[in-house]
Structures are given as C-alpha cells and as structure tokens.
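Residues: numbered from 1 along the sequence shown.
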Amino acid sequence: MVAKTIVVANWKMNPGSFREAKKLFDAEKKAAEKARGVSVIVAPPAIFLRELSQSYRGSKVAFAVQNAHFGAGGAYTGEISLAQTKDARARYVIVGHAERRAEGETDDDTRKKVAAALALKMTPILCVGESSRTGGGEQFNVVREQLRVGLADVAASALGRVLIVYEPLWTIGAKTTMNPREMHQMAIFMRKCVVDSHGEGGRSLKILYGGSVDEKNAGAMLRDGDVRGFLVGRASVNALEFGKLLEAIERAQ
Ligand code: 13P
C-alpha cells in the first residue's frame, strides 16, 4: 500500500472569527473525508482549537498548533504550553516555522520544543529552510545547522516520530513554488545530514515541503520532489482551493 500523503493546513492568523473558522473547518473536513490516501492535519489559531476539536467526531482529521511554549507552566505571559494544547486535542505542533524564526525564534528554541513535544507523545513538525538564496549554496549550511540543533535531543529511536518540513522563506507567500528537482536534491541532502547525526534511521526521514503549494504544483512536487506531503498556507484558508488541492494530490499518488 502506498504511504499516505500528509497535508498540514496552516491557517496562520486566519480567519477573523470562530464562525468563519467553523465554516472553513467543516468544508475541509468534508474534503478530507473524500480524499483517499491523504492524511489531513489542521493547524488553526490556538484560540479556535478546543472548540473545533471537541465538535469533531471523525478520525480523518488531526489537529496541530502553530506554536507552543516548551515549558510545563510558569510565569510566561501570553504563552501557551504544549501540555495545554494537547489537552485541547492537538496531536501535532509546528516548530520553527520561517515566520516565527523571522520573529526571533532560535534553533535552540526549536530543540527544546521538539524534545518537549516528544516527551508529551505529540508529533513535532520541525520546519527548516533558508531565508534567501544568493547562488553560493549556503542554503545547505543553514539547513544542516537547523537540523543539527533542532534534532539534537531526539534519540535515534524517536526519529520516526518527527516530521520535517523544508520551507525556504523565499517560496512562502510567493507567486511560484520551487522546482521539484531542487527539492529532491535538498531532500537527499537532509537525509544525509540526519544519517550523519542519528544513523541509518535518517534515510526514512519524513520530509514535507512548504511554500506556495496549490492544486497546480502539488502533483509534480509529489512525483519528483521526494516529499511525503505538504505544509500549506494560503490554499488552506480557502475551502474551495483546499478541496481542489486534495483532489490533485489524490490524482498524483
Ligand atoms: P503559503 O502556502 O501561503 O506560501 O505558506 C506556506 C508556508 O508557510 C509553508 O510553511
């Protein structure tokens, strides 16, 4: 049997009200239930999480949070702990998204969050990727370092419980996505880095791609990019586009 394609719907700071969030979720849930061979993880704004997850009875959609604090509790004004998100039925947590790194999240923060998520039996979705390309190949150094630190506290035996997303900042919110051949090259490099740090288990690293994924480009990326799925921004906050994206993925598998 072909492994399922994983689609993470990262709603970012959208939509503006719970009513709209519920409508969007109901439509995406339907699309997810129709799509065979696709596993959907919805990452709504944390404030909508509990109400959405409590109203959902199915098993086709899982929930993620877009970020959480690694601490168990304490004086962290404005933060939400991983344990609190788990209590609201999040099974996954996005760690080190490019937009959060741009706001100051460090590699060391990602290391702590990945380890804390695993300790709670949640699945971290660790994002890596360079912010720009100048042609000198420095993206490989950036990605190697982000993987090295982010996975530093992950035992080799726990590697299979981590998802990695390659999402170069310059393809996020852009007009076009990256070339699948280049993604393939990066996937080979990423596996090699993790084989070097964690041993042979690095070969089966689950790599997703993120950055301007839509119904038009997803098929080619799935066929030629050596990826197991996608982290989707804009196309995940439009129910119609999301439905078409899942159909395109289903056709490409
Ligand atoms: P867009 O799909 O809107 O480009 O956002 C993608 C993203 O944030 C990947 O992680």
Side chain to side chain donor-acceptor pair (under 3.5 Å) partners for N179, two or more places apart: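 Partners of N179 under the side chain to side chain donor-acceptor pair (under 3.5 Å) test: none.
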Interatomic spacing from CD in Q139 to OG in S131 - rounded to 0.5 Å: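 Those atoms lie 11.0 Å apart.
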side-chain contact (heavy atoms from CB on, under 4.5 Å) between V162 and L118, intermediate numbers included: CA-CA 8 Å; V162 179; L118 288 173; 4.1 Å; yes
Residue pairs passing the salt bridge (charged side-chain N to carboxylate O under 4.0 Å, His left out) test where at least one lies in residues 156-180, sequence neighbours excluded: none
Going by heavy atoms in the side chains, are [X] and [Y] under 4.5 Å from each other?
X	Y	answer
N10	V232	no
I164	L208	no
H97	N67	no

What I want to find out is whether [X] reaches [Y] closely enough, with some N-O distance under 4.0 Å, to be called a salt bridge.
X	Y	result
D196	K192	yes
K29	D26	yes
R203	E200	yes
R50	D87	yes
R191	D226	yes
E215	R251	no

[X] versus [Y], closest heavy-atom pair with distance:
X	Y	value
P44	F48	CB-CB, 4.5 Å
Q253	G37	OE1-O, 2.8 Å
C127	L231	SG-CD2, 3.8 Å
K12	Q66	O-NE2, 2.9 Å
V143	M190	CG1-CG, 3.8 Å
S53	A88	OG-O, 2.9 Å

Any donor-acceptor pair under 3.5 Å from Y209 side chain to V213 backbone: no
Please report, to 0.1 Å, the donor-acceptor pairs under 3.5 Å made by any side chain of residues 241-250, with sequence neighbours excluded.
unit_1	atom_1	unit_2	atom_2	d
E250	OE2	R36	N	3.4

Under 3.5 Å side-chain donor-acceptor pair for Y166 and Q146: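 No.
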Distance-only polar pair, side chains of D107 and T110, donor-acceptor under 3.5 Å: no
Y56 and F25 aromatic ring geometry - parallel, tilted or perpendicular at 30°/60° bounds: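 Perpendicular.
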